[in-house]
Amino acid sequence: MAARSSFAGMEVPIIGSDSIKWFSIAVPSTTTSMSPPPSPEPFAPLTVDVSSCCSIGDPPTYFIWRIDQSCPNVLEIVEFHSFEEFPRVGLRLEFANALCPFAFICKKEVPTSLENPYMLYALTIAGVAYLIRLTDITNYASCTVFPPSDVVEFSIQNYGDYGAITAISATMGCLVIGGRTGLVGCFRLGFLDSSDPGFLHELRDDSSFGRLWSLMSRRTIAPVKDLVCLHIQGKRFLLVLHLDGVLQLWDLLSFSRLLSYTMNASTLEGATFMRLWAGENNHDTSILPLAVLHKPKPEVDREMISVYSLHLSMGGKTNYFIEPSTMNISMEGGPLIDVKLSSNKIWILKEQGLVLHNLLSPCERGEFEQRFCLQETVVAEQLFQSSNNAAYDLLWLAHSLYSSTKDQIAPRVSSVFMRMLFLPGIFHNSVIRETLQDHNRHLTDSEFHSLTADGLKKEIISVIEHEGVSRNPLSLINCWRNFCEHYFYNWDKKNAACGLLFDTSSGAIGLIRKSSVSLLRCLEDIELLALGSFDELGESASSRINLSNDLEQELLCEVLETGYTSSIAAVHVSELGVDNAWKKEIDDHKALRKFSVHMFLSLHGLYKKASTWDKVVDVVLKYLNYLVPQKNEQKLGSEAVFDISTCITVQATSQVAQVMFESAVGILLLLSYMVKLGGQINMSPDDVSRVQLELFPLIQEIITEWHIIHFFSTTPSESPAIEDFSSQLSLLQIDNSIDRRSWNDKLGKCDFTLAFILLLDHQSFFKDQNRVDSKHLPNPTSFIAPVRNFISRIVWGRSDDVSSSFSTHSTMLALILLKHGQFDAVEHLLTMVNQNILKEKTSSGIQGVNNEWCTLLHLLGCCLLSQAHRQAPRGSTEKKVNEAISCFFRAASLQGASKSLQNLSYESGMPHLGISDHVSPAAWKLHYYQWAMQIFEQYNMSAGACQFALAALEQVDEVLGLKDTYSGADFLNESPNIAKGRLWANVFKFTLDLSNYHDAYCAIISNPDEESKYICLRRFIIVLYERGATKILCDGQLPLIGLAEKVEQELAWKAERSDVLVKPNPYKLLYAFEMHQHNWRKAATYMYLHSLQLKNEATLKDCQLRSLTLQERLNCLSATINALHLVHPSCAWITPSLQGKSNHKDLYPSKKARITVQDQEANDHVPVQKLDSCMDIEKLENEFVLTSAEYLLSLANIKWTFTGIEKPPPNLVELLVQSNLYDMVFTVILKFFKGSELKRELERVFIAMSLKCCPTRDNFKKQSLLLTSSNNEAAHDSHDMVSATQYSKGNDQWDALEQYIEKYKSFHPRLPVIVAETLLCADRLIELPLWLVQMFKGKVKGSWGMSGAESSPASLFQLYVDYGRYPEATNLLLHYIESLASLRPADVVGRKRTSAVWFPYTTIERLWCKLGDLISSDHMVDQCEKLRSLLQTALLKHFHQLKVDSDDVMASATS
């Protein structure tokens, strides 16, 4: 509570009343005059927020109707029974015009049809009255328009002159209206048709004396202000209140006036009367209480309610009279909403709250006015709206608790706000939806109604995270404050009180709000005591607390007041969010000092009053014993039903638990301050020890118990995990009733808390002789017994339970919750109980709770394990798994664990242990660890399973070492090696699942069972392949001593049966494995086998895939050669063998489709290479070269392969040249050809290269190496027709020709001649490139003639002459003749030596003859004569020079 107050009761919301699905139905109208009259004032009262409740039949059917001012033409109706759940559907009638604040629902006296047993009266502000025949609301689910046959309407304006209607009332078969003229009309609506005689009766005084008195007095009848219909002992009466205070009683059967009374005329002169309420009839006294609202003076704006008594005597002589008012109640605290009366009480609902006044004299009851705490106060306090600093106090508290882990502050703060929002009575469906819409989160009806509590929380968190951009705690608090402010505003707007609900049969009283319904309850004695109301305690409560004298009562008052102040002050010591941090720190320090001084003075005054602290401790101890939840003897009843009483009990229990928890916390803070001050307040060490040893454990247990009770009552249940098979099976509820399935479907809903699971799982324990029959709503005092029974059941269990310990009973509660999948709740419950058990100080205490502690730890471990399995975030999952492991280990280590855990029932849904309790502790642990291992394995949590497998291994030797049968050694039914092998195999499996490969291998080598070891080793290698972690086998990290051969065998077996596309390839792994073992030849062998495997695959693939395969094959051959180079040359060879490779495709088929039979037959002409031959480095290099050629051709989209490796196929060189793969061509030629064959192949290649350089294409037909050209291209002008692209390509060919002829002419000196001759042959007019001419010329300077090697100037000169290039030949000859003549003097001597100068004279002669032939044939005469003249002149000079040199030589010889 927000403050210590004199509240006598609290409002208890009814679960489900805020989430009603409405069936909207339009009411048809046939009245011609549907609009209000044109007068400035309306014909009938305007629409206001109003509601009421009608109780019909026995057992009663309750009808709640509401009219909201925001929707004035809509009437909402809800039908419910107290013995059923509050309905989730309602009826919403939509009228043509706005409604007056009136409606009445009753049952037909003589129903003509069972389909429409109820009648509804309503009136619009236009004066149109409606009678609607109703049936069960669920029957209107598919309707959109109300059946016209069930609607009767008429306009009151057509009947008499009543002026404006000022009051309306109804009873079965009669609609009564009162007008401004003071007249009252009774319409027999429901009995007669509007056209029948007697349909309307106006209430008039028809007696002669009455008429005479009216004429004589000339008195004007005041307007009617209120009408009340009464049913008393089978008769029907009508009370009419006029504005001037005249109250009349009429008989509705005879329509005669029975009584006319003026309200206290002497004291109420000038008063105006406005409202009238009547209570229930007391059959013993025949007194009917009346309440009249009036304003004593017109000039005073203050209203008052006066209470009267109408005496009814219906015996032999009928007598009616009204007793004058003896009670006047001033109306303060806002406008009046509603009033309800009983025989001795009056309930007054105002905007500011609800007040109860006793109509009996104060001396009889000791009280006069009682106030009730409404939900507005509770919601404001829980959502931190009662104080501006409340939310910042929460942040400060979070900073204090989580100062070391500040990253937890934001989620902890959010969890607090989220829990407050989802508290029953605070959470409201339509409010939370409108608040989300305020924050731009719009959900459709289907989306919103499909959300569970968890889903709705995620939506809210997303809104908060979206607004909290800065992500710091202060920003988060501001976001939550803003959200809660919107929520509280919407809650207050949508849940404004608009009427009271009152059941005269049971005395139940409740509130009807705009979108919810609630009941009122009286506070328990324990609540009154916690709030300091000693005068209101009953005798039983006073006897329980057993205060011996007034001093103890006074001390307790002082203690409670001081404890309450301490709890409030402690929370409000500090505030956050102030900009001036330094000023804030000073203010906090001052507040803390002020609080410390106040506490010191209060405790010192308490000590003076008690004289000794023992008295204070005694009083506190008595009070704490009273706070302990009381154990009640309960009688088991029938199966529990989810009805309104059940919902109210849960809600009331949460309210009681909250008060008790806060009271206990206040006392704990007070005791803490006392112990801290100690000697400063004259507390001796013995006093301090007594507080610490007696009071602290007791109060901590009290706080825990009330906290758990509050937790159960307010925490929404979890929705079952649909993906879990066991949950799906439990949802079927094959053996349960329809009622059980219906409430089980509510799991996960926001308004279905954990307490309902506990209530509905077992038989009802509300059976109590003081409890009101469930056919009626419970009265305010009838909540006490069910709440006490429920609290007792949670804390103490059933009456027949053997153990009375809460820790023992908590395991039973946990089993119930576990059965329904409430894992979070079980964790919270068992964690708190476990912490309490750990706080036991003595070892004997610990041993005493071993049995229950073992069960608790076991259940907690199962709960944590199930939570981790529900796909939580990774961090929290690991934490819960570790906690579950710890719980299981601790449970197994306790004494008596086997006996305790065997008692767990199968109904709990927990996995059965299946362990005999007649075994030794070591055998018990062995079996328990194996059970835990299996459970973790079932949930795919290998880390935990591995730990328990290792723990079981530790117990095997001890169990097998015992000889007696009691040890359980024979229970294993297996040899030691098999048992250990099985456990080590499990360790291997779990570590392998965790990718702990070193640990997995250690488990393999530790396995004593050889068969199991090799199975694990094979699985180890397979998994490493699948995960791409095979590197660990080859990097030397694993000790393969003794297993290297087995590993190699497994790898080889895997390689032989693996597809070539598998990654990583097993042969590569074998290569790396053998290389690390320094087995070079084995490494080379496996890699070569992989190359053969790739060769077989390459023939089946297209060009692109073949290229990749061939490249991989080249890598294999290269690795093979490199490995053999590490071996001594005499041993550098391998003998590859592929066992079973003939049926390779059958043993391990590829995942891709193989070639068809026809394709296979087409490839049969390719012989398979013999694999049993010896392969040395030279052969491998040959194969490498050929494979390289095949790879390059595949890149050029040319499919080619080879069979042998001794010589390349004849077409290989041609294909390579055609593809411009010149490097590869020369590599092949140099590798496979020697001597003349080498020169011949070089000539072929360069001829082909030369032809590619020629721009003419006609000559390409001459060689098969060249492409053909079109027939319309002429040789003499081909170079003029070559495109730019061809020129560019030709330039590349010239460059290649120049590059390679320069590189390889050393192998064949005549290559330049071959090239030049080829070019001239292809095109006689071609201009030889300068670099080629230069190769013939060599060094011109210093040369003596045209002699030289095969590519000499003479060769070029001869080519020019042969191909008719006479100008070039003449110029070349003249060039060398002139060069010879222009030697330096130093070189002249050399020239004169014998045979020093040589020219091709025969070719020169041919040139001379050719020129002569051309001249004689008249072809190019001028040019030829010129050339011949130049040639003649040069030759004459040359010969003359030769003669001179010859003479010089001769002279030199003779001398």
Side-chain angles (χ1 to χ4, degrees), residues 5-14 53 55 60 62 82-83 279-280 282 289 340-349 353-360 362 364-374 500-511 517-531 533-544 629-630 632 634-635 643-657 659-660 764-792:
S5 62
S6 59
F7 285 139
M10 296 187 68
E11 179 185 0
V12 185
I14 297 178
C53 179
S55 174
Y62 298 95
S82 62
F83 51 84
E280 60 177 313
N282 191 325
K340 296 294 181 183
L341 287 90
S342 66
S343 59
N344 58 353
K345 295 179 181 180
I346 177 172
W347 304 82
I348 302 175
L349 177 62
L354 177 64
V355 180
L356 168 64
H357 293 267
N358 283 288
L359 302 182
L360 302 177
E364 296 184 22
R365 198 50 196 139
E367 57 185 4
F368 185 74
E369 177 181 309
Q370 295 177 336
R371 296 185 177 274
F372 281 72
C373 179
L374 300 185
L500 287 173
L501 178 156
F502 184 62
D503 187 356
T504 58
S505 300
S506 63
I509 185 73
L511 261 68
V517 183
S518 58
L519 295 180
L520 297 172
R521 70 173 182 89
C522 294
L523 294 182
E524 280 229 50
D525 290 338
I526 191 172
E527 293 178 281
L528 295 172
L529 178 62
L531 297 175
S533 302
F534 286 94
D535 297 335
E536 301 175 6
L537 290 179
E539 294 182 2
S540 60
S542 301
S543 60
R544 277 186 60 199
Q630 186 178 0
N632 293 338
Q634 303 167 18
K635 299 179 181 180
D643 57 4
I644 292 179
S645 296
T646 304
C647 300
I648 295 298
T649 299
V650 173
Q651 291 291 89
T653 301
S654 67
Q655 295 173 349
V656 173
V659 174
M660 296 300 100
S764 173
F765 41 86
F766 297 132
K767 189 173 181 181
D768 189 89
Q769 59 183 0
N770 297 323
R771 184 171 181 249
V772 177
D773 188 2
S774 61
K775 296 180 181 180
H776 295 270
L777 292 175
N779 62 55
T781 59
S782 63
F783 292 96
I784 297 177
V787 170
R788 289 178 179 176
N789 289 339
F790 183 39
I791 292 173
S792 176

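Reckoned from all heavy atoms, side chains included, excluding hydrogens, waters and symmetry mates.
Residue Thr653 is tested with Val656, Val650, Thr649 for a side-chain contact (heavy atoms from CB on, under 4.5 Å); the sole match is Thr649.
Using modelled atom types, one side-chain atom of Tyr62 and one backbone atom of Leu777 make a donor-acceptor pair closer than 3.5 Å. Judged by distance alone, the side chain of Ser506 and the main-chain N or O of Asn779 form no donor-acceptor pair under 3.5 Å.
In terms of heavy-atom proximity, Cys522 sits nearest to Thr781 at SG-CG2, 3.8 Å. Residues Glu11 and Leu520 share a closest heavy-atom pair of CA-CD2, 3.6 Å. Pro780 and Trp347 make their closest contact through CG-CH2, 4.1 Å (heavy atoms, listed as atom of the first residue, atom of the second, distance). Listed here is the closest heavy atom pair of Leu354 and Leu374: N-CD1, 3.9 Å. Taking both residues in full, the closest heavy atoms of Phe783 and Pro778 are given as CZ-CG, 3.7 Å, listed atom of the first, atom of the second, then distance. The two residues Leu341 and Phe502 have their closest heavy-atom pair at O-CE2, 3.4 Å.
Under 3.5 Å, the side chains of Ser792 and Asn789 contain no donor-acceptor pair of N or O atoms. Defined by atom type and a distance below 3.5 Å, a donor-acceptor pair is present between the side-chain atoms of Gln655 and Arg521.
Between Pro289 and Ile346, the closest side-chain pair of non-hydrogen atoms is not below 4.5 Å. When side chains are defined from C-beta on, Leu501 does not count as touching Leu511, because their heavy atoms never get closer than 4.5 Å. Put simply, the side chain of Ser55 does not reach to within 4.5 Å of the side chain of Thr504, judged on heavy atoms.
For the atom pair Leu349 CG and Phe372 CZ, the distance stands at 12.0 Å (nearest 0.5 Å).
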Inset, instruction - Evaluate side chain to side chain contact (heavy atoms under 4.5 Å, CB included) for Gln630 paired with Ile791, printing each intermediate quantity in order. - result: CA-CA 8 Å; Gln630 186 178 0; Ile791 292 173; over 6 Å; no

